[in-house]
Amino acid sequence: MIITIDGPAAAGKGTLSQKLASEYGYAYFDTGMVYRAVGLKMLLSNTDLKDIKKAEKEAGELDFATMIELSKNPEFRSSKGGEAASVISSYPGVRERLLDMQKNFSMNPVFADGRPANGVIYDGRDTGTVVCPNAEVKFFITASPEVRAKRRYDEFIAKGMNAKFEDVLRDVKIRDDRDANRKDAPMKPADDAIILDTTNLNIEEVFNEAVKYIESKKK
Ligand code: DC
């Protein structure tokens, strides 16, 4: 089974995806990683993020092993890394070059240790609309910008990183705006996606809702 979980930054996609992957024994693909990898390559080589040609070149050369290696860099998950990913993800040529890598995963899903899996959970912005339009189950997870910024802020503090709530909230809003207004691939729910608003739900409640829906689709 293919399950897609899309939605804005810090809506809880990652947590829900990992819980569902462990519940069903499915592989997990966090598609934000492909954009973070290209963004980080640009930052590491001090390339201007406006250099579309260079971003396209990096995207064309990216493979899974390089992406995993780059993900070990502390900047990969930082605000700066997320911002760089958001900027380069707005270039159609970059998205096009990163599409096959994401699509192909569903044909042969594997766990991190290489074992084959018989299902996959995709987490991203366009996985139900562009990457896997044929997925059997699609969710679009959202929450108010304030609640999402608070969750992201708490994560940064828990990791011992320096952060100010106002800065995190501003970044969340900037990213929402850019991700939602990309010309060719705006972040939006697939027509057949179930919308989960997590503003007033904790992770267990969101998980239970999702499982209930998946079980109904399996019948
Ligand atoms: O989910 P994330 O914060 O790791 O994603 C980083 C950026 O990558 C996000 O701001 C937009 C982009 N992205 C995308 O355009 N499409 C996806 N499927 C996943 C992420």
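In each ligand, atom 1 is the first atom listed, and ligand 1 is the first ligand listed. Values below: all heavy atoms of this structure, side chains included; hydrogens, waters and symmetry mates excluded.
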Rounded to the nearest 0.5 Å, what separation is found between the [atom1] atom of [X] and the [atom2] atom of [Y]?
X: Ile121; Y: Tyr26; atom1: CD1; atom2: OH; value: 7.0 Å
X: Asp123; Y: Met33; atom1: CG; atom2: CE; value: 10.5 Å
X: Phe140; Y: Met187; atom1: CZ; atom2: CE; value: 5.0 Å

Which of the atoms in ligand 1, numbered in the order shown and given with their element, are less than 4.0 Å from a heavy-atom of [X]?
X: Thr31; answer: 17 (C), 18 (N), 19 (C)
X: Gly32; answer: 4 (O), 5 (O), 19 (C), 20 (C)
X: Gly124; answer: 18 (N), 19 (C)

Please work out, at 4.0 Å between heavy atoms, whether the side chain, the backbone, both, or neither of [X] comes within that distance of ligand 1.
X: Met33; answer: neither
X: Asp126; answer: both
X: Met187; answer: neither
X: Ser89; answer: side chain

Charged N to carboxylate O under 4.0 angstrom, [X] versus [Y]?
X: Glu166; Y: Arg170; answer: no
X: Asp179; Y: Arg125; answer: yes
X: Glu83; Y: Arg178; answer: yes
X: Arg148; Y: Asp176; answer: yes

N or O pair under 3.5 Å between [X] and ligand 1:
X: Tyr35; value: no
X: Arg125; value: yes
X: Asp179; value: yes

* Asked: Angle class for the Phe105/Phe29 ring planes (parallel below 30°, perpendicular above 60°, tilted otherwise)?
  ->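 Ring orientation of Phe105 relative to Phe29: perpendicular.
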* To do: Note the single closest protein heavy atom to atom 15 (O) of ligand 1, along with its residue, its atom name and the distance in Å.
  =>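 Scanning the protein heavy atoms, the shortest distance from atom 15 (O) of ligand 1 goes to Arg95 NH1, 2.7 Å.
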* So which heavy atom in the protein is nearest atom 10 (O) of ligand 1, and how far is it from that ligand atom? ->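 Checking every protein heavy atom, the shortest distance to atom 10 (O) of ligand 1 gives Arg175 NH1, 2.7 Å.
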* Heavy-atom gap Glu83 to ligand 1 smaller than 4.0 Å ->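 Judged by the 4.0 Å heavy-atom criterion, Glu83 does not count as contacting ligand 1.
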* Check: Tyr213 ring centre within less than 6.0 Å of Phe139 ring centre ->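 For Tyr213 and Phe139, the ring centres are under 6.0 Å apart.
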* Where the closest heavy atom to atom 4 (O) of ligand 1 is concerned, which of Lys13, Arg77, Arg152, Arg36 has it? ->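 Result: the heavy atom closest to atom 4 (O) of ligand 1 is in Arg36.
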